[in-house]
Amino acid sequence: MRALITGITGQDGSYLTEFLLSKGYEVFGVVRRASTESFERIDHIKDKITLLQADLLDQLSLISVVEESKPDEIYNLAAQSFVPTSWTQPVLTGEFNALGVTKVLEAIRLVNRKIKFYQASSSEMFGKVRETPQTEATPLYPRSPYGVAKVYGHWITINYRESYDIFATSGILFNHESPRRGLEFVTRKITNGVARIKLGLDDNLALGNLDAKRDWGYAGDYVKAMWLMLQQDKPDDFVISTGETHSVKEFVEEAFSIADLDWKKYVTKDPRFMRPAEVDFLVGDSSKAKKILGWEPEYDFKGLVKLMVEADIKLLGEKR
Ligand code: NAP
Ligand code: GDD
């Protein structure tokens with residue numbers, strides 16, 4: 001089997017690549033040209049995969065990489081994925097996260113309609129939630145330009161499924177984290193902050209809204225669900241979540257306690273990290289995925305926080 005992954009240099013791309021390699025896949029990854037290469041997350045597997053240059057902004061480059069790699073499956077993970085940036089760069093976010101999906105789907109339509117397609121949709125689409133817990137049938141109410149663009153990506157995926165009979169699936173994934181999470185996302189910001197404080201490199205961690213609640217899972221568990229979605233007889237949409245919700249404050253408490261630190265001595269609130277419109281509360285119901293895909297997460301909240309805090313303490317310790 002051959003797979004093409006957009007966003008291979010990202011958190012999910014790196015875990016999915018490891019997973020597909022373990023299943024015997026030949027893996028091709030889309031990377032964009034940059035003046036300096038930073039393939040940190042896939043450095044350890046770079047010699048086992050083929051990297052091809054393309055950009056979600058460039059239709060012809062996407063057609064070329066699909067022609068060259070001849071994939072059985074395409075995983076569209078590339079995106080501008082940081083929600084706050086979607087307010088400062090709303091047009092670019094729309095180009096990447098909305099129209100970019102159409103460009104990948106167009107490449108499939110033109111090159112080979114038998115290619116199976118996975119779209120990285122998001123629980124951010126539920127935004128100001130209309131019901132709890134959120135399922136595949138919950139109405140969408142995005143609260144950021146990022147969320148709005150992801151709604152487009154979700155619906156264009158369904159539309160190409162219905163218009164052209166393409167095997168196009170949409171995975172509505174709730175927040176998933178890992179030691180490879182970008183440093184600006186709240187979980188990694190906290191675990192990196194804890195490690196820095198523990199090692200005496202810092203004495204403060206400035207955060208925004210501590211009351212927001214998220215359904216946090218482990219990225220390594222979630223990429224398996226992506227693959228399972230493409231192994232089914234028919235394309236569909238699936239919510240992937242743990243079913244547990246915790247506040248940012250609970251994440252802080254847990255992370256600091258793992259390092260034997262009192263969080264109240266170090267955490268301050270900074271209005272710079274508040275958002276113009278917030279998603280206050282998310283919790284997913286992934287019964288459909290459990291029943292049809294047989295998917296279950298292995299990590300729970302405490303296991304995830306522990307994994308991330310320990311990894312960051314080790315990483316910073318090694319760098320010193
Ligand atoms: P990430 O770590 O930010 O990775 C994003 C990837 O997209 C990077 O490889 C990046 O490449 C690539 N990319 C960005 N713009 C591109 C463009 N114009 N052309 C080609 N590649 C481009 O994100 P992630 O956490 O792995 O998330 C993967 C996907 O799942 C994203 O679509 C995200 O929106 C979605 N999602 C994530 C979560 C979550 O909790 N992690 C939940 C739901 C949905 P560079 O290395 O060149 O920047
Ligand atoms: N980033 C960040 N930094 N968030 C903070 C901070 C801070 O200092 N303080 C509080 N928060 C709150 C945010 O306001 C938000 O409510 C919550 O922490 C989570 O923020 P992020 O970790 O940035 O993630 P997100 O939920 O906005 O988006 C992530 O999950 C989506 C799925 O629901 C991203 O991975 C998206 O790409 C993904 O689609």
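Counting starts at 1 for both ligands and their atoms, following the listed order. FYI, the numbering just counts along the sequence from 1.
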Can you list the atoms of ligand 2 that are under 4.0 Å from a heavy atom of Val248?
-> 12 (C), 18 (O)
Contact with ligand 1 for Arg180, non-hydrogen, under 4.0 angstrom = no
Do any nitrogen or oxygen atoms of Val186 come within less than 3.5 Å of a nitrogen or oxygen of ligand 2?
-> yes
Rounded to the nearest 0.5 Å, how far does CG of Asp236 lie from CZ of Phe167?
-> 9.0 Å
Identify, by atom number and element, the atoms of ligand 2 in contact range of Ser81, meaning under 4.0 Å from any of its heavy atoms.
-> 34 (C), 36 (C), 37 (O)
Between Asp312 and Arg196, does at least one N-O distance fall below 4.0 Å, as a salt bridge requires?
-> no
Shortest protein contact, atom 6 (C) of ligand 1 (heavy atom only) = Gly7 CA, 3.6 Å
Would you call the rings of Trp216 and Phe251 parallel, tilted or perpendicular if under 30° counts as parallel and over 60° as perpendicular?
-> perpendicular
Out of Ala120, Ser121, Ser123, who gets a non-hydrogen atom closest to atom 30 (O) of ligand 1?
-> Ala120
Could you walk me through whether Glu177 and Arg214 pass the salt bridge (Lys or Arg N to Asp or Glu O under 4.0 Å) test, one step at a time?
-> CA-CA 11 Å; Glu177 319 294 315; Arg214 290 290 184 278; over 6 Å; no
Between Lys189 and Arg181, does a side chain to side chain contact (heavy atoms under 4.5 Å, CB included) hold up when you go through it step by step?
-> CA-CA 9 Å; Lys189 185 173 169 183; Arg181 184 61 141 154; over 6 Å; no
Check: residues 50-59 side-chain donor-acceptor pairs under 3.5 Å, at least two apart:
unit_1, atom_1, unit_2, atom_2, d
Asp55, OD1, Leu57, N, 2.8
Asp58, OD1, Leu60, N, 3.2
Asp58, OD1, Ser61, N, 2.9
Gln59, NE2, Lys103, O, 2.9

When distances are taken from atom 21 (N) of ligand 1, the protein heavy atom at minimum range is Ala78 CB, 3.5 Å
Heteroatom proximity flag, Ala79 to ligand 1, N/O under 3.5 Å | yes
Who's the nearest protein heavy-atom neighbour of atom 18 (N) of ligand 1, and how far?
-> Asp55 OD1, 2.9 Å
Which atoms of ligand 2 sit under 4.0 Å from any heavy atom of Gly208?
-> 6 (C), 8 (O), 9 (N), 10 (C)
What protein heavy atom sits nearest atom 26 (O) of ligand 1, and how far away is it?
-> Asp12 N, 2.8 Å
Could you tell me how the ring of Phe256 sits relative to the ring of Tyr266: parallel (under 30°), tilted (30 to 60°) or perpendicular (over 60°)?
-> parallel
Glu318/Lys314 ion pair, N-O < 4.0 Å | yes
Which of Thr169, Asn76, Thr157, Asp237 passes side chain to side chain donor-acceptor pair (under 3.5 Å) with Gln119? Answer is Asn76
Around atom CG of Asp262, are there more than 12 heavy atoms of other residues, nucleotides or ligands at under 6.0 Å?
-> yes
N or O contact, Gly10 vs ligand 1, cut-off under 3.5 Å = yes
Should Thr6 be listed as contacting ligand 1, given a heavy-atom distance under 4.0 Å as the test?
-> no
Would you call Arg2-Glu26 a salt bridge at under 4.0 Å N-O?
-> yes
If hydrogens are left out, which of Arg41, Gln11, Met125, Arg32 has an atom nearest to atom 16 (C) of ligand 1, that is, the closest non-hydrogen atom?
-> Arg32
Under 4.0 Å between heavy atoms, the region of Glu278 that gets near ligand 2 turns out to be side chain
Does an N or O anywhere in Leu56 fall below 3.5 Å from an N or O of ligand 1?
-> yes
His176 to ligand 1: N or O pair under 3.5 Å?
-> yes
What is the nearest protein non-hydrogen atom to atom 43 (C) of ligand 1, stated with its residue, atom name and distance?
-> Leu173 O, 3.1 Å
Which of the atoms of ligand 1 are close to Arg181, meaning less than 4.0 Å from one of its heavy atoms?
-> 25 (O), 39 (C), 40 (O), 41 (N)
Considering the heavy atoms of Glu124, write down every atom of ligand 2 situated less than 4.0 Å from one of them.
-> 33 (O)
Identity and separation of the nearest protein heavy atom to atom 1 (N) of ligand 2 | Glu184 O, 3.0 Å
For Val83, counting its heavy atoms only, list the atoms of ligand 2 lying under 4.0 Å from any of them.
-> 27 (O), 28 (O)
Does the N or O separation between Asn76 and ligand 1 drop below 3.5 Å for any pair?
-> no
Check each of Tyr146, Tyr75, Phe96 against atom 15 (N) of ligand 1 and report the one with the nearest heavy atom.
-> Phe96
Exactly one of Phe174, Trp295, Tyr15 clears ring-ring contact (aromatic ring centres under 6.0 Å, His included) with Tyr222, and that residue is Trp295
Donor-acceptor contact present, side-chain Arg143 to main-chain Lys128, <3.5 Å | no
Between NZ of Lys198 and CD1 of Ile258, what distance do you get to the nearest 0.5 Å?
-> 11.5 Å
Side chain or backbone of Glu124 under 4.0 Å from ligand 1, or both, or neither, by non-hydrogen atoms?
-> neither
Is Thr135 reaching over with its side chain to a backbone N or O of Asp285, donor-acceptor style, under 3.5 angstrom?
-> no
Winner among Thr9, Val101, Thr93 once heavy atoms are compared against atom 9 (O) of ligand 1 = Thr9
With only distance considered, is Glu177 within less than 3.5 Å of ligand 1 through an N or O on each side?
-> no
Atom 29 (C) of ligand 1: which protein heavy atom is closest, and how many Å away?
-> Leu77 O, 3.1 Å
For Ser81, take its heavy atoms, then give the atoms of ligand 1 lying under 4.0 Å from any of them.
-> 1 (P), 3 (O), 23 (O), 33 (C), 34 (O)
Nearest non-hydrogen protein atom, atom 23 (O) of ligand 2 | Arg275 NH2, 2.8 Å
Just go through Leu183, Asn209, Asp270 and tell me whose heavy atom is the nearest to atom 10 (C) of ligand 2.
-> Asn209
In a table with atom names and distances, give each donor-acceptor pair under 3.5 Å that connects a side chain of residues 146-154 to protein atoms at least two apart or in another chain.
unit_1, atom_1, unit_2, atom_2, d
Lys150, NZ, Ala120, O, 2.7
Tyr152, OH, Thr102, OG1, 3.0
His154, ND1, Ser170, OG, 2.7

Please identify which atoms of ligand 2 are closer than 4.0 Å to at least one heavy atom of Phe82.
-> 1 (N), 23 (O)
Between Asp215 and Gly284, is there a donor-acceptor pair closer than 3.5 Å when you use the side chain of the first and the backbone of the second?
-> yes
Quick one: which ligand 2 atoms are inside 4.0 Å of a heavy atom on Leu207?
-> 8 (O), 9 (N)
What do you reckon, does Arg181 put a non-hydrogen atom under 4.0 Å from ligand 2?
-> yes
Would you call Glu95 a ligand 1 contact, heavy-atom distance under 4.0 Å?
-> no
Interfacing atoms of ligand 2 (cut-off 4.0 Å, heavy-atom, Ala212) | 16 (O)
Contacting atoms of ligand 1, where contact means under 4.0 angstrom from a heavy atom of Asn175 | 40 (O)
For ligand 2, is there an N or O atom under 3.5 Å from any N or O atom of Trp216?
-> no
